Amino acid sequence: MAILVTGGAGFIGSHTCVELLNEGYEVVVLDNLSNSCEESLVRVQELTGKTLKFVKGDILDRDILNQIFETEEIESVIHFAGLKAVGESVSIPWEYYNNNITGTLVLVDVMKQHGCKNIIFSSSATVYGDPAQIPITEECPKGQCTNPYGWTKSMLEQMLMDIQKADNEWNVILLRYFNPIGAHKSGRIGENPNGIPNNLMPYVTQVAVGKLECLGIFGNDYDTPDGTGVRDYIHVVDLARGHVAALKKIDENPELCIYNLGTGHGYSVLDIVKNFEAANGIKIPYVIKNRRPGDIATCYCDPQKAKEEMGWVAQYDIKDMCEDAWRWQSNNPNGYEK
Ligand code: NAD
Ligand code: UFG
């Protein structure tokens, strides 16, 4: 029996493959490499001393999916594949809806045809919109998303819930990630954004390595302790282990579960800068800029439900996240490019 990991060559997917292989799972990765490269999977295999099967292909390609389910005994799917750049989704919404939504519908249809009804889906804290309460529990109502990317997550959650409701042979686990950063301790795999990073930590590490001059902080007039945006940063290895916990949960036939994956601690942009500087002894020059449209002031979760129901708790703290992000960036200034 094997686990199909869609989008397994990407940032969170590659770290999850390491944890799955270390736990003894057989892994099949399907990725079209639109935002990743095969080198990440070469390194995953080096790190674990184990092999996985890689299929280069698209979740929109029914034939490739059929072939995988015909040749492999897939017991569950961890579904990471998707486009994820918030700003880009505003410019090319059709591509986001087609890739993320049509792609998932094709995947789920092929799963159903082959009698595989276990799926763990990569959702996001973005589905809470501007959250009704802090810390955010899973009972907090979903909100208005500010971009097409966010809507794909919100709509896919609803679709998967409806499919599960109509057929209780399905087990659907929706994992709402907060802000994954950091990298594997080895410094061999990590986040590899194309072009100028949109997200905070890759921007900080690229300033530290000298590829970018100065961090722009998007607003210092939010209603937060220092005026900059507060988020729940979570080490990507903790997040990856959350998927192993979710797979174990699936063995209990839980039908539908929704979990926040975060640490429960909020750090501001300035906290991240200070922690990065302290952990790595590197100064990060910054300037204050205007607020970024669509950003909210504060977003952090209550991770208690994942602890109670899956026994999952984040282990790494902000110092680990800053050190590990820097080890990856400094050892691989150009990501996976040789
Ligand atoms: P990533 O871009 O590194 O990984 C996504 C992978 O999916 C890439 O390897 C890409 O090549 C692949 N892919 C995209 N479309 C595909 C398709 N049609 N067919 C096959 N492969 C395809 O992103 P990530 O940060 O690892 O995110 C993984 C998942 O988690 C995504 O669904 C993302 O939306 C979600 N998520 C990420 C964050 C975050 O901050 N990184 C937060 C919340 C949710
Ligand atoms: N920020 C800056 N400068 C930058 C980048 C970010 O000041 O160059 C600030 C933002 O304004 C925000 C904080 O740093 O206050 C974090 O921003 P990120 O872009 O790193 O992360 P977001 O919280 O905006 O969004 C991320 C993912 C989304 C996901 C969300 C919740 O990009 O896909 O976390 O999981 F939905």
Side-chain angles (χ1 to χ4, degrees), residues 5-16 29-38 40-41 55-61 64-65 78-87 89 95-96 98-100 102-104 106-107 121-128 136 145-147 149-150 152-153 156 175-181 190-194 196-204 206-207 212 214-220 222 224 228-234 236 239-240 243 260-262 267-270 272-273 286-301:
V5 183
T6 73
F11 173 44
I12 306 171
S14 56
H15 287 82
T16 302
V29 168
L30 173 66
D31 199 305
N32 65 5
L33 304 183
S34 60
N35 196 38
S36 53
C37 56
E38 208 177 331
S40 65
L41 296 175
V55 179
K56 181 172 182 232
D58 204 293
I59 51 168
L60 285 155
D61 185 341
I64 282 201
L65 281 168
I78 305 183
H79 179 31
F80 293 108
L83 298 175
K84 63 156 189 179
V86 171
S89 79
E95 283 77 359
Y96 272 68
N98 187 49
N99 191 75
N100 294 6
T102 315
T104 303
V106 173
L107 171 68
F121 175 63
S122 295
S123 188
S124 165
T126 197
V127 301
Y128 293 111
I136 303 171
C145 298
T146 52
N147 55 78
Y149 164 72
T152 68
K153 293 295 173 193
L156 282 168
L175 298 179
R176 294 177 176 161
Y177 311 156
F178 281 67
N179 289 57
I181 59 170
E191 192 167 9
N192 189 28
N194 280 326
I196 295 179
N198 298 306
N199 298 114
L200 179 62
M201 185 53 94
Y203 206 107
V204 168
Q206 291 200 14
V207 170
L212 295 168
C214 176
L215 171 69
I217 295 185
F218 299 141
N220 66 350
Y222 284 104
T224 60
T228 65
V230 169
R231 296 291 183 275
D232 188 335
Y233 296 94
I234 172 171
V236 65
L239 190 65
H243 295 76
N260 288 336
L261 295 185
Y267 289 96
S268 72
V269 180
L270 286 171
I272 294 296
V273 170
Y286 65 82
V287 288
I288 305 296
K289 294 196 169 167
N290 290 336
R291 289 183 178 194
R292 183 171 65 177
D295 274 356
I296 55 175
T298 303
C299 178
Y300 62 90
C301 79

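What you see is a predicted model; the values in this text were computed from it and never measured. Side chains are part of it too, since the values below use all heavy atoms of this structure and drop only hydrogens, waters and symmetry mates. Counting starts at 1 for both ligands and their atoms, following the listed order. Sequence positions, counted from 1, serve as the residue numbers for this chain.
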Compare every heavy atom of I136 with every heavy atom of C299, then report the nearest pair and how far apart it is. SG-CD1, 4.0 Å
Residues that R231 engages under salt bridge (Lys or Arg N to Asp or Glu O under 4.0 Å), provided they are two or more places apart: none
Closest approach of any protein heavy atom to atom 10 (C) of ligand 1, naming residue and atom: D31 OD1, 3.5 Å
Work out which heavy atom in L215 is nearest to a heavy atom in V207; give both atom names and the distance. N-CG2, 3.8 Å
So is T6 in contact with ligand 1, going by heavy-atom distances below 4.0 Å? no
For T152, run the side chain to side chain donor-acceptor pair (under 3.5 Å) check against N98, N100, T104, N147 and tell me which one passes. N100
Atom 5 (C) of ligand 1 - nearest protein heavy atom and its distance: G82 O, 3.9 Å
Only residue of V230, N220, T228 satisfying side chain to side chain contact (heavy atoms under 4.5 Å, CB included) with L270 is T228
So, does N199 use its side chain to make a donor-acceptor pair with the main chain of M201 at under 3.5 Å? no
Please report the C-alpha distance between N179 and D232 in whole Å, then the side-chain angles of each, then the deciding distance to 0.1 Å, and finally whether the side chain to side chain donor-acceptor pair (under 3.5 Å) criterion is met. CA-CA 6 Å; N179 289 57; D232 188 335; over 6 Å; no
Is there at least one pair of N or O atoms, one from I59 and one from ligand 1, spaced under 3.5 Å apart? yes
Side-chain donor/acceptor of T102 to backbone N/O of N99, under 3.5 Å: no
What's the shortest distance from atom 18 (N) of ligand 1 to any protein heavy atom, and which residue and atom give it? N99 OD1, 2.7 Å
Using heavy-atom distances only, which candidate in K56, K84, H79, E191 approaches atom 25 (O) of ligand 1 most closely? K84
Find all atoms of ligand 1 within a distance of less than 4.0 Å from any non-hydrogen atom belonging to P180, and give their numbers and elements. 39 (C), 40 (O), 41 (N)
Using a strict cut-off of 4.0 Å, indicate which atoms of ligand 1 neighbour a heavy atom of S34. 10 (C), 11 (O), 13 (N), 14 (C), 15 (N)
For A85, does its backbone N or O pair with a side-chain atom of Y96 as donor and acceptor, under 3.5 Å? yes
Using a strict cut-off of 4.0 Å, indicate which atoms of ligand 1 neighbour a heavy atom of S123. 43 (C), 44 (C)
Any donor-acceptor N/O pair, T126 side chain to G150 backbone, under 3.5 Å: no
What class does the angle between the rings of H243 and Y177 fall in, given that below 30° is parallel, 30 to 60° is tilted and above 60° is perpendicular? perpendicular
Neighbour list for ligand 2 [protein residues, heavy atom under 4.0 Å]: S124, A125, T126, Y149, Y177, F178, N179, N198, N199, L200, Y203, L215, G216, I217, F218, G229, R231, Y233, V269, R292, D295
Best match, F80, F178, Y177, Y149: closest heavy atom to atom 30 (O) of ligand 1: Y177
Please walk me through it: do S122 and H79 pass side chain to side chain donor-acceptor pair (under 3.5 Å)? CA-CA 6 Å; S122 295; H79 179 31; over 6 Å; no
For the pair N260 and Y128, evaluate side chain to side chain donor-acceptor pair (under 3.5 Å) and give the outcome as yes or no after the intermediate values. CA-CA 11 Å; N260 288 336; Y128 293 111; 2.7 Å; yes
Please list the nearest protein heavy atom to atom 37 (C) of ligand 1 with its residue and the distance rounded to 0.1 Å. I12 CD1, 3.8 Å
L33 contact mode with ligand 1 (heavy-atom cut-off under 4.0 Å): backbone
closest protein heavy atom to atom 4 (O) of ligand 1 is G10 CA, 3.5 Å
Ranking S14, S124, A125 by closest non-hydrogen atom to atom 43 (C) of ligand 1, top hit is S124
Closest non-hydrogen atom pair between G190 and F11, with its separation: C-CD1, 3.7 Å
Which residue holds the protein heavy atom closest to atom 22 (C) of ligand 1, what is that atom called, and what is the gap in Å? N32 OD1, 3.2 Å
Tell me, which protein residue and heavy-atom name are nearest atom 3 (O) of ligand 1, and how many Å apart are they? F11 N, 2.9 Å
Proximal atoms of ligand 1 relative to S122 (non-hydrogen, under 4.0 Å): 29 (C), 30 (O), 32 (O), 35 (C)
Heavy-atom pair with the smallest gap, counting every atom of A297 and T224: O-CG2, 3.8 Å
For atom 1 (P) of ligand 1, the protein heavy atom that lies nearest, with its residue and separation: N35 ND2, 3.8 Å
